[in-house]
Structure formats: structure tokens, C-alpha cells
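Proteins get letters first, then strands, A, B, ... in listed order; numbering begins at 1 in each.
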Number of protein chains: 2
Amino acid sequence: MFSIGELSHATGVKVPTIRYYEEVGLLEAEARTAGNQRRYSRAGLDRLGFIRHARDLGLSLDAIRALVALDPTNHDQTHEIAETHLSDIRARIGRLRRLEAELERIVAACDGGPGHECNILEAFGDHDSCAHDH
Amino acid sequence: MFSIGELSHATGVKVPTIRYYEEVGLLEAEARTAGNQRRYSRAGLDRLGFIRHARDLGLSLDAIRALVALDPTNHDQTHEIAETHLSDIRARIGRLRRLEAELERIVAACDGGPGHECNILEAFGDHDSCAHDH
DNA sequence: CTTGAACCTCTAGTCGCTAGAGGAATTATG
DNA sequence: CATAATTCCTCTAGCGACTAGAGGTTCAAG
């Protein structure tokens, strides 16, 4: 059996975060010592690793809850969650690329030469000249 | 003079959000009516538009606070904020692209054929086979 | 058996809003 | 000018996903 600190060390998830996951029903300790300290099995450790990785992939705790509750033979549902998230990520990438383009425009608005009016602030406020979409 | 609702309508920022911006010191109403309602000048409207646009660009309220407090003749500082944010966005894009690649790998791990074990859940938990970096 | 590290629960704070209660002011219509 | 509809006011509480700290207990090593 592992202590909460060992789980933390093994997965890189901080101790208070592990307790938080328990609070929201994502990961419960299999046992407690006589002195009320949490003890986890290997399965608990693996589950935390899974949660950690899914979090790194940007999934919400809600999505992860759905994932761990899933019947592993249910292909359709699993695919759906993964693909929903994938298209979500693609949308975010697209959005960020538009922001990137606009910030480039803004930075380019000022050449930094001395004795010259800096247009960056103006460009920041100027929605009209931006690409569109937000 | 504009009411808070007019500002909201003109900029697309919701009324409670405008009040929130006042609370955190980003935008104060120039005046109040006898009945205590907020009134804004044209300058207030423009400032809210600026905030809105900067928010859309993904800047934090802290960064915006720094931006509006800036001496407009101070090129260096303005450039620095804009470029810090730009490299920030680029880092986020890079990160999302790696997530995208990994999710593609995960979705591809299962061909969806009947009577076959779905590997998606496994792939989600399997950090070792992912590109690296997170 | 003592020390010190790790653990416990609980509350409150972070960011950027959003929602709702309960009431007052303003504006439009009859 | 009265009433009704709309907008406005303040205040509190909630969201997600943690993080920080207080104050106290238990565990493992020497």
C-alpha cells in the first residue's frame, strides 16, 4: 500500500490535489490506517496516472469522470469523447493562430524609432482593423 | 453620457462584467445620476472597447491594467508586453499541436471493428508512448 | 522514546466572470 | 400625471481546478 505522498511523488500530482480529486469523487483511497491516513493500492496509483495524463491532454475533470466510468467495451462512447476533445483542441489552435497573426500586426504597427508615436496601444484598441471572427 | 446598459450593448461586454471591471479598478464610471446609476463618457466607452479587444486577444486583466497605465510614449514597455504575450501564445500553440498529435494517435489506436478490444482507454493512460514534454 | 517529516481536516484565496435575490430608479405608454 | 415595464442598484454565492495556510495528529527512523 502507498501513502498519499508516495502517490504524489510517483505521478507528479501534488498532495492537496490528490485530496481534491477524492473530494470530487475521482479517486478514493482504498483504505485508511488506524491513524486515519490514506492508503492506496497499485490500482489507485495507476488510476491517478491515468487522470494525470488525461489532465495533461487538457480534458476536464468531468470528461475524465465520464472516461473512467466507461464500459471499456463501449467503443462508440470512448471514441466520441476522444474526438470531441480533438476537435475542441483544433478549434483552439485555430483561434490562437488568429490571435498570433493579430498580435504580429500590432507589434509591427510600431517600428520603435525614436521620436515617433507608438501605435501599439492604438492597435490594441482597434478592433476594426483586425482579421474578424472574435 | 451613456448608461451601463448602453455601454454593454455597444461593446458586447455584459453588464455585471462592467461592474466587475469597476470593482477591480479597470474602468470607473465618470458620474452617477441622482438615483445612483452609473454614467459614462465617450472616453469610458472607448476604454471598455480597448479592454474588450485586449481580452479577446487573451491578455489577462493584470496585463491590461499594465497596458492602460502605460505612458504612451514608452515604446519599450509597450513592446515588451505585446511580445511577451505573443511568445506566450506561440508556446500555447506548440503545446496544443503536441496534444493534437497525441490525441490522433489515441483515436487511431482503435479501429472500431466489432469484437475487438478498444485501446483508447489504455492509450489515454499510457504516458510512456507519448511524444514527451508534458 | 524522541524527533521530525509526513499526514489529517478545515477554511479561504486565486481568476474572470456569472447568477440570483431583493429592491430602487428610469423610461415609455395610456 | 399615473402606472407599467424595463433597467438599474448592491450584495452574496457559485463555477473549475486547484493552491495556501492554520493548527493539530500520526508515522518511521535513530
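- Rounded to whole Å, the distance from CD1 on B/Ile18 to P on D/dC8 is 9 Å.
- Contact annotation: the side chain of A/Val13 never approaches that of A/Leu7 to less than 4.5 Å [non-hydrogen atoms, C-beta and beyond].
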With the criterion being N/O to N/O and under 3.5 Å, what pairs connect the protein with nucleotides 1-3 of chain C, and how long is each?
none

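- Per the geometry, CG belonging to B/Leu48 stands 16 Å off P belonging to C/dG16, to the nearest Å.
- Summarising the geometry, the separation between CG on A/Leu61 and C1' on D/dC15 is reported as 13 Å, rounded to the nearest angstrom.
- Side-chain contact between B/Leu96 and B/Ile93: absent, with no pair of heavy atoms (C-beta onward) separated by less than 4.5 Å.
- With rounding to whole Å, A/Leu7 atom CG is found 15 Å from C/dA6 atom P.
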Please report the C-alpha distance between B/Glu22 and B/Arg38 in whole Å, then the side-chain angles of each, then the deciding distance to 0.1 Å, and finally whether the side-chain contact (heavy atoms from CB on, under 4.5 Å) criterion is met. CA-CA 11 Å; B/Glu22 178 175 312; B/Arg38 291 167 179 83; 2.9 Å; yes
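- At whole-Å resolution of the value, CD in B/Glu23 and P in D/dC9 are 13 Å apart.
- One atom, CG of B/Leu59, and another, P of C/dC15, lie 16 Å apart when rounded to the nearest Å.
- Atom CZ of B/Phe2 is separated from atom P of C/dT26 by 18 Å (rounded to the nearest Å).
- Close to C/dT9, at under 4.0 Å from its OP1 or OP2, lies a side-chain N or O of A/Arg32.
- Judged by distance alone, the side chains of A/His53 and B/Glu102 do bring a donor and an acceptor atom under 3.5 Å apart.
- When distances run from any side-chain atom of A/Arg55 to the nucleotides C/dC17, D/dT19, D/dC18, the shortest one goes to D/dC18.
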Self-check item: Criterion salt bridge (Lys or Arg N to Asp or Glu O under 4.0 Å) on B/Arg42 and B/Glu30, from CA distance to verdict
Solution: CA-CA 10 Å; B/Arg42 175 78 216 188; B/Glu30 282 92 341; over 6 Å; no
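- At a threshold of 4.5 Å between non-hydrogen side-chain atoms, the residues A/Arg90 and B/Glu100 count as touching.
- For A/Ser3 and C/dA6, the shortest distance from a side-chain N or O to OP1 or OP2 is not below 4.0 Å.
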Q: Using the side-chain contact (heavy atoms from CB on, under 4.5 Å) rule, take A/Phe2 and A/Leu48 through it: C-alpha gap first, then chi angles, then the decisive distance, then the call.
A: CA-CA 12 Å; A/Phe2 308 102; A/Leu48 183 56; over 6 Å; no
Just the atom pairs and distances: protein N or O near nucleotides 26-30 of chain D's N or O, under 3.5 Å.
{"from": "D/dC27", "atom 1": "OP1", "to": "A/Thr33", "atom 2": "OG1", "distance (Å)": "2.8"}
{"from": "D/dC27", "atom 1": "OP1", "to": "A/Gly35", "atom 2": "N", "distance (Å)": "3.0"}

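- In this structure the side chain of B/His85 reaches within 4.5 angstrom of the side chain of B/Ile89, judged on heavy atoms.
- A heavy-atom distance below 4.5 Å is found between the side chains of A/Arg39 and A/Ser3.
- Comparing C/dG16, C/dT9, D/dC18 by their nearest atom to the side chain of A/Arg38 picks out C/dT9.
- In this model, the phosphate group of D/dG16 is not approached by any side-chain N or O of A/Tyr20 to a distance below 4.0 Å at OP1 or OP2.
- Atom CE of B/Met1 and atom C1' of C/dT26 are 16 Å apart (whole Å).
- Comparing D/dA17, D/dT19, D/dC9 against the side chain of A/Thr17 picks out D/dT19 as the nearest.
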Should B/Leu26 and B/Tyr20 be marked as a side-chain contact (heavy atoms from CB on, under 4.5 Å) after you check the CA-CA gap, both sets of side-chain angles, and the distance that decides it?
CA-CA 9 Å; B/Leu26 262 179; B/Tyr20 171 74; over 6 Å; no
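- Within the structure, a side-chain polar atom (N or O) of A/Tyr21 is placed less than 4.0 Å from OP1 or OP2 of D/dC18.
- Side-chain nitrogen and oxygen atoms of B/Arg19 include at least one within less than 4.0 Å of the OP1 or OP2 phosphate oxygen of D/dC9.
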